[in-house]
Amino acid sequence: MTTLEVTPSGSSCGATVGGVDLSSPLDSATVAAIRDAWLTHHVLAFPDQVLSAEALEQFTLHFGPFGDDPFFESIDGHRHIAAIHRSADETSSLFAESWHADWSFQSQPPDGTCLLSRVVPPSGGDTLFADQISALSRLPEGLRDQLVGLVAVHSARSGYAPDGLYGQDDTGRSMRIVADESAYATQTHPLITTHPETGEATLYGTIGYIIGIEGMERDAATELLLELYRWQTADEVVYRHRWEPDMLVMWDNRCVLHRATGGYDGHERLLHRTTIGYNPQVR
Ligand code: SIN
């Protein structure tokens with residue numbers, strides 16, 4: 001078994017992991033140690049990993065089945081890998097700049113996501129992660145009490161519907177996004193959920209993919225979601241991840257929000273992404 005070198009980020013979540021070569025086959029004890037670190041820190045960054053597309057796929061499958069990625073076209077020859085790409089001269093809106101949990105509008109959203117850096121700009125392009133277990137624990141009692149039993153309505157419409165951000169008016173984007181009518185569908189999840197593996201209580205999802213709260217008038221729901229958003233994305237619960245070339249990051253979609261940042265105009269940025277799907281075996 002490999003002994004992992006895990007260095008916490010010093011923020012609410014996030015750790016860097018060394019001492020392991022992800023391009024070689026991983027034994028079950030090493031996979032278990034990575035899973036333990038993932039559940040503890042929620043976001044793991046593995047620097048200096050030169051990985052083929054096949055190795056990225058193999059790594060992902062250690063943690064669950066592939067997820068179902070709607071609206072993304074995959075890279076050629078690898079149907080479970082999507083390219084998060086922005087070319088140097090691109091002027092379209094930044095992809096994934098709003099806080100979100102990946103595909104939270106699905107009935108069984110993914111357990112996690114892996115991103116592998118291929119081209120990293122010299123500065124900017126950090127990814128932010130917000131720890132939702134910590135955010136929940138910091139909520140004022142009155143706000144937390146209001147959330148108990150509330151069920152959020154999630155939808156992909158603001159992004160991926162034909163009239164959404166990445167819909168028919170979105171031109172000049174290097175990423176292969178295919179918007180369609182299925183984005184208007186809705187799905188519900190409790191605002192406070194229990195992490196299936198650790199049993200910890202966590203907030204799940206945020207305004208954006210969350211478009212309302214069941215049984216609550218729209219304005220009241222929006223006001224509550226916006227107040228909650230401030231706690232969900234407070235500096236105290238955020239880890240800012242700075243990319244290096246050949247870095248693999250995996251995060252736990254069940255208890256962190258994330259978002260992309262810009263600041264690299266004139267430079268290309270390319271990451272390969274896989275989704276760790278809903279895994280019945282850990283529930
Ligand atoms: C994503 O949300 O999948 C992309 C995040 C990023 O580009 O930093």
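When a ligand or atom number is given, it counts from 1 through the structure's own listing order. What you see is a predicted model, and the numbers here were worked out from it, not measured in a lab.
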*Does a salt bridge link E197 with R283, judged by any charged N lying under 4.0 Å from a carboxylate O?*
no

*Sorted by chain and number, the residues that approach ligand 1 to under 4.0 Å with a heavy atom*: I84, A96, H100, T127, H258, A260, R269, R273

*asked:* Please check this pair: side chain of S117 against backbone of V120, looking for a donor-acceptor N/O pair closer than 3.5 Å.
replied: no

*Just by distance, with hydrogens left out, do Q187 and S107 show a side-chain donor and acceptor under 3.5 Å apart?*
no

*Who pairs with H258 by side-chain hydrogen bond (donor to acceptor under 3.5 Å, both in side chains), at least two apart in sequence or on another chain?*
H100, D102, W251

_Lys/Arg N to Asp/Glu carboxylate O, R138 vs D131, below 4.0 Å_ = no

_Flag if over 12 foreign heavy atoms under 6.0 Å of CD, E97_ = yes

